[in-house]
4 protein chains.
Amino acid sequence: MAPKVTVEYKDEKRLAILDAALHCFADKGYRDTTITDISNYLLMSKGSIYIYFTSKEDIYKQLMENRMEWMITQTSSKFGELTTASEKLRLLVRMFTDQTLDDLKELLSFHLEFMLISSRQNSLKKVMHKHIEMATKFVQDIIDEGKDSGEFRSDTDSYTASTLFWALRDGLVLHSLGIDVDEEYKAHMIGMEEMLFRYIATL
Amino acid sequence: MAPKVTVEYKDEKRLAILDAALHCFADKGYRDTTITDISNYLLMSKGSIYIYFTSKEDIYKQLMENRMEWMITQTSSKFGELTTASEKLRLLVRMFTDQTLDDLKELLSFHLEFMLISSRQNSLKKVMHKHIEMATKFVQDIIDEGKDSGEFRSDTDSYTASTLFWALRDGLVLHSLGIDVDEEYKAHMIGMEEMLFRYIATL
Amino acid sequence: MAPKVTVEYKDEKRLAILDAALHCFADKGYRDTTITDISNYLLMSKGSIYIYFTSKEDIYKQLMENRMEWMITQTSSKFGELTTASEKLRLLVRMFTDQTLDDLKELLSFHLEFMLISSRQNSLKKVMHKHIEMATKFVQDIIDEGKDSGEFRSDTDSYTASTLFWALRDGLVLHSLGIDVDEEYKAHMIGMEEMLFRYIATL
Amino acid sequence: MAPKVTVEYKDEKRLAILDAALHCFADKGYRDTTITDISNYLLMSKGSIYIYFTSKEDIYKQLMENRMEWMITQTSSKFGELTTASEKLRLLVRMFTDQTLDDLKELLSFHLEFMLISSRQNSLKKVMHKHIEMATKFVQDIIDEGKDSGEFRSDTDSYTASTLFWALRDGLVLHSLGIDVDEEYKAHMIGMEEMLFRYIATL
DNA sequence: GATGAATGAGTGTTCATTCAT
DNA sequence: TATGAATGAACACTCATTCAT
């Protein structure tokens, strides 16, 4: 009696908006990107966006949730298989090292700003908290695995080490935001890898 | 005839505005603090602020420059004297560890946001760049000093190490923004110190 | 080929929409009820409503016309029979008195708002005018009947008296809108009846 | 050190906005008058209005409160003096009768709509309630005075009678909204006066 | 210098209506 | 006939900046 448009279609659209929003937020920041910016980027009307999201903040929040999901699928597919804890950790670092600085900036300037904003906006805190928890847990598990296998020092506090890992990554990206040279960023990431392993590796 | 208003008076006022602005920017973020917020905090009129600064962005920029000056006087007075490179570095880390989380948040959430915003706003890039350069140089000099004295590994790239130092500090604070427990933050800072020294210390 | 959808079906649907609209308009007012409100109440799509009505205003207008028809059938069936003019008039008052305040509010807050809005909107003026004319005529006829029978003063201007009747009823309901106590409203309606009869009854 | 603009100036402006708002609300209704309408009418910027009022609803509410004050000064100055209860009541009715229909419409279509809207909007209920209470009390006192002096029936319930008075006035105006002939409205008001006195006057 | 009223461009959001399916 | 995604013109409200006093 009525086609209504498939669920797939709607979901695709939702994702397209999220994608456009990520682009805009990364480019101009949350407060400075307008709904009009997003709709222009999509060649879509402003009103349409509100069919899929209830507010600008809703887009922001769902974007973060989306990124979380993405991270889960991404990592679980790559890490689930085999490898030692050391290899896993090295792979993780290299996932960041191997991206171009531009790609990374888009992704992470959104990420970093979300951390900042969510610390002031109660409605976003929970999402951020969950994200951090998840990420921390992920690295913590690898470290614990390495402690068990003897690759990593047994006196390592895996929770602290995991936090240091992500802090280092985020801090490095934050400092790279003002940098345009890929090489410099790469050098820093290699430094990070070295620093990390001197911290936790046995011997 | 002597000027009614002394230069000292004007400078005092300028600093008072800067101080209020820091408080507000830290509290609500750059975009969300209004000139009215700042003037209310100061019990001063909106118009007055525009006597001392040409725009909101001008306040923001001068605030960062101000913080830079402050850092120079602060550190040079404490580090100039004696001590080995290791001691200097440890002192530096502890300057952050010993502050309460609240004080740190006020100071550094401004700092972190400035990094983010300045990466997108050309007019702010230069001042950010200068700030980072200065901070990097400061730690780099200590590390080089330690390399000369044999405290630190001779194969250390002092520039990278210095960058890692600040990245770690900034990343850690960024991650602490969502945390309310002082103890957890302290534990991480101690972890950072350990990590740092395992990275650069000889033996 | 016979039409898939019978005329009855269409009319039923039209009435269902009108009914839902009455409910919504009474609840939230004309401007504040959205087409979506009406379609949600009906569990029907927004688009469907536009098959039966050309616009929101069209619904509003037809609703008033509908209420007029309803009033005609309602009253002619109850009053046509017998009774004296006094009895008729008393019955009419009691038809309002005997309803619960809630029922009355639903019906009459629509009615009152329509009077207000139609006075400003030319396209609605005619239907309102017709409605008032009809209602006035109805009471006027009863009063004239009473004048002839000697129940009512012969110096009564039946047109004015009829207008006063409806004005009193509407004013009383308007004042009751802010009231939640049934009893108070009832007391007022009894007062109205008394006032009316002292005005027109002989002796 | 700074003139700031006098309190009188600000109050004058506030009243000018209120006056313009009354005009617009009466003309197009609450929902259909935009802040732009009001600012255009005043040849003033939209933003300025928000210096004096926090929201459109705030204007609406203050307008009603303002009208209440106005009514108090108006009536107390005219009624305080002497006259019997009957004379007072007749004067009151004539205050409405003697206005041109156009003036009355402006004033009362605002008033009537406020009653309607406030019955659905909790934030406005209190103001409306106070207004009605005050108006009721005012007439009630006159009627009680008349009862004491023997002008009015001792079996009159002054509260009900007062409510009937205002209901009649409001209902009559509501019905007059669709009328353009002054004479007809006047005739109705004379009818109202007659009706009222036959209801409460002794003999 | 100090004030704060005034401005107006710009923000997120809503909603009656249309139309492809 | 029925659907609901799409549209875009409005809307209430905000805020950096200006300027008369």
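These figures come from a predicted structure and were not determined experimentally. Numbers restart at 1 for each chain; the letters A, B, ... are given by sequence-line order, proteins then strands.
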Task: Identified side chain to side chain donor-acceptor pair (under 3.5 Å) partner of C/K28 from the options C/D37, C/T33, C/T34 - done: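 When C/D37, C/T33, C/T34 are each tested with C/K28, the side chain to side chain donor-acceptor pair (under 3.5 Å) holds only for C/D37.
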TODO: For E/dG1, take OP1 and OP2 only and decide whether either is under 4.0 Å from a side-chain N or O of B/Y50.
DONE: no
TODO: May I ask you to verify if any side-chain N or O of A/K10 is less than 4.0 angstrom from the OP1 or OP2 atom of F/dA5?
DONE: yes
- [ ] Just compare E/dA5, F/dC13, E/dT3 and give me whichever is closest to any side-chain atom of D/S55.
- [x] F/dC13
TODO: State which of E/dA16, F/dT3, E/dG1 makes the closest approach to the side chain of C/K56.
DONE: E/dA16
In whole angstroms, how far is the [atom2] atom of [N] from the [atom1] atom of [X]?
X: C/L42; N: F/dA2; atom1: CG; atom2: P; value: 12 Å
X: A/E57; N: E/dT13; atom1: CD; atom2: P; value: 9 Å
X: B/K28; N: F/dT14; atom1: NZ; atom2: C1'; value: 12 Å
X: A/I17; N: E/dT13; atom1: CD1; atom2: P; value: 13 Å
X: B/I51; N: E/dT3; atom1: CD1; atom2: P; value: 8 Å
X: B/M44; N: E/dA2; atom1: CE; atom2: P; value: 7 Å
X: B/I59; N: F/dA16; atom1: CD1; atom2: P; value: 10 Å
X: A/I49; N: E/dT13; atom1: CD1; atom2: P; value: 11 Å

Using a heavy-atom cut-off of under 4.0 Å over every strand shown, decide if [X] touches base, sugar-phosphate, or nothing.
X: D/I35; result: sugar-phosphate
X: A/K13; result: sugar-phosphate
X: D/F53; result: nothing
X: B/T33; result: sugar-phosphate
X: B/S48; result: base
X: B/K46; result: base
X: C/S39; result: nothing

Task: Upstream residue (5' side of DNA chain F) when B/G47 and B/Y30 are each assigned their closest nucleotide - done: B/Y30
Task: Distance under 6.0 Å and angle within 45° of ring axis: D/K56 vs D/Y30 - done: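 That pair qualifies as a cation-pi contact.
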Open item on the list: Looking only at the aromatic ring of each residue, does the gap between the centers of C/F53 and C/Y60 stay below 6.0 angstrom?
Closed with: no
- [ ] Between D/Y9 and C/D32, name the one whose nearest nucleotide on DNA chain E is closer to the 5' end.
- [x]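 Its nearest nucleotide being more 5', the pick is D/Y9.
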Task: Residue whose nearest DNA chain E nucleotide is more 5′ - C/T34 or A/T36 - done: A/T36
Task: Residue matched to E/dT7 through Watson-Crick or wobble contacts both under 3.5 angstrom - done: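 Across any shown strand, E/dT7 pairs with F/dA16.
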- [ ] Please round to the nearest 0.5 Å and tell me the distance separating atom CD1 of D/I35 and atom CG of D/N40.
- [x] 11.5 Å
Task: Interatomic distance, B/R120 atom CZ to A/E113 atom CD [nearest 0.5 angstrom] - done: 4.5 Å
Open item on the list: Does B/K126 have more than 12 heavy atoms from other residues, nucleotides or ligands lying within 6.0 Å of its NZ?
Closed with: no
